[in-house]
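Nothing fancy with the numbering, it's 1 onward along the sequence. Side chains are part of it too, since the values below use all heavy atoms of this structure and drop only hydrogens, waters and symmetry mates. Ligands are counted one by one from 1 in listed order, and the atoms in each one are counted from 1 as well.
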Amino acid sequence: MAHHALWAGRFREPLSASALKFSSSIDFDKTLYREDIAGSIAHVEMLASVKVLKAHEARRIRTALRQILREIETGKLDVSGAEDIHMAIEQRLIQKLGPLGGKLHTGRSRNDQVALDERLYLRAAIRDLTKQITNLQRVLVYKAEKYFGAVMPGYTHLQRAQPVLLSHHLLAYVGMLERDHERLLDCRKRVNRSPLGAAAFAGTTFPIDRALVAKKLHFDGIVENSIDAVSDRDYLVEFLSAASTLMMHLSRFAEEIVLWSSTEFGFVHTSDAYTTGSSIMPQKKNPDMAELVRGKTGRVYGALVNMLTQMKGLPLAYNRDMQEDKPPLFDAVTTSLEAVDVFGQMLVHTTFDTARMAEELRTDFTTATDMADYLVRKGLPFRQAHEVTGKVVHHCVTHRMYFGNLDLDTLTAFSTEFDEDIFEHILPTNSVQQKRSAGSTAPNEVKKQIVHWNRVLRGRKALRT
Ligand code: ARG
């Protein structure tokens with residue numbers, strides 16, 4: 001598309017080629033063509049309803065805008081070379097309709113147009129991302145049900161700590177993802193307000209109906225203050241912060257998948273379709289999807305820091321700096337959508353080696369807390385019980401043995417409170433059974449969580465806009 005700036009009236013020279021190349025945003029903001037056209041249609045319809053445009057004029061503009069949408073979608077309209085998507089569409093409109101096309105921009109500025117397009121884009125991104133999160137949660141709950149009863153070593157400091165149900169561990173992520181989902185829905189309340197009608201920033205002399213445009217575009221209302229409407233990008237920072245937290249959660253899980261896929265752990269096996277080979281080492285089967293989710297987290301954090309930095313010194317109202325908000329936003333949206341999607345698919349194709357987990361529990365001291373609790377039940381103060389158990393562990397470590405190799409005589413040398421039933425008591429399966437507190441790893445507590453999440457997730461309807 002040949003470049004003739006629609007703002008060139010007060011200029012005597014065209015924009016230099018290098019300045020155009022440097023300042024053009026078409027390569028990335030062409031993504032917004034649908035939002036831009038939807039916004040323009042709502043705007044002309046409103047202009048007709050307040051009689052700034054005649055009904056037949058609005059109809060012709062609307063028809064032409066719909067044609068342009070199709071031209072872009074079918075690749076017939078080449079927008080490259082334009083300053084940005086907003087100019088490209090308006091120029092094409094003028095090309096098609098002549099002077100009538102020039103009426104579209106009445107009572108509007110690119111400043112409110114850009115903010116509008118972004119908010120529409122972000123709203124759709126939130127719709128898609130919340131749907132993906134729900135899908136991932138469903139996969140996790142499905143796995144939690146499938147492996148219900150399987151006991152694994154739980155870790156703190158990445159050191160064996162206490163036995164837990166594998167389901168309990170998986171459901172911890174369902175809770176984290178639920179908060180990510182909530183954060184996005186909460187952010188949506190602030191995203192879903194129309195800035196259109198702010199014009200450049202001070203409003204317009206035309207009797208426009210901002211609320212009507214907002215309604216046509218399914219917004220919950222308008223951003224009241226016209227200066228605020230075009231100046232802030234806090235909704236975007238908020239979204240990126242929610243997306244960063246989501247990625248942080250996925251990244252932690254990804255790290256566990258990487259660890260658990262190692263020969264050293266051997267807790268999970270992911271199908272060939274979600275792992276990759278090495279170009280030199282024929283035996284390799286690498287957990288690349290999990291690694292990439294972990295790695296791509298940096299891109300989303302980067303987008304957040306990018307936006308915060310862009311905005312921190314900007315005077316009101318619009319500044320061209322703000323054009324730079326789009327590449328990080330688009331990248332963060334695409335990255336997080338893909339990450340949640342691939343992560344869920346990878347999990348569907350991942351099996352948990354529960355036999356291996358049980359095997360591992362035979363050669364550790366993860367039920368030491370149960371041993372101490374046993375002594376507390378016999379009347380020892382917890383601190384003393386902790387001390388005695390610590391000595392038993394030390395004895396085992398120095399003699400290269402585990403709890404399973406101990407006999408009662410050895411144990412009673414540490415405390416006369418030990419009885420034959422201690423051996424039952426410190427079995428990993430009993431350890432989880434013996435937990436009593438709400439939200440614990442006790443099977444009945446974990447079962448409650450499964451029931452809860454099934455109810456929540458089955459009833460969850462996806463957002464429509
Ligand atoms: N492409 C620009 C952006 O994305 C359009 C806004 C230009 N507005 C202006 N007042 N120069 O921000």
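Heavy-atom contacts of D29 reach the following atoms of ligand 1: 1 (N) (cutoff under 4.0 Å). Close approach of ligand 1 to D84 is summarised as follows: ligand atoms under 4.0 Å from at least one heavy atom of the residue are 1 (N), 2 (C), 5 (C). Proximity to S25 (heavy-atom distance under 4.0 Å) selects the following atoms of ligand 1: 1 (N).
To the nearest 0.5 Å, the span separating CD1 on I85 from CE on M87 amounts to 12.0 Å. Atom OG of S251 sits about 10.5 Å away from atom CD of E256, to the nearest 0.5 Å. To the nearest 0.5 Å, atoms CG (L250) and CE (M176) are separated by 10.5 Å.
The shortest N/O to N/O separation between Q323 and ligand 1 falls below 3.5 Å.
Salt-bridge formation is detected for the pair E445/K448: a Lys NZ or Arg NE/NH1/NH2 atom is positioned less than 4.0 Å from an Asp or Glu carboxylate oxygen. Using a 4.0 Å cut-off between charged side-chain N and carboxylate O, E73 and R34 make a salt bridge.
Atom 3 (C) of ligand 1 has its closest protein heavy atom at Y318 OH, 3.3 Å.
Under 4.0 Å from ligand 1, the heavy atoms of K326 that appear belong solely to its side chain.
Between F352 and Y147, the two ring planes are perpendicular [angle over 60°; tilted spans 30° to 60°].
Comparing L32, N111, D321, D325 by heavy-atom distance to atom 8 (N) of ligand 1, the nearest is N111.
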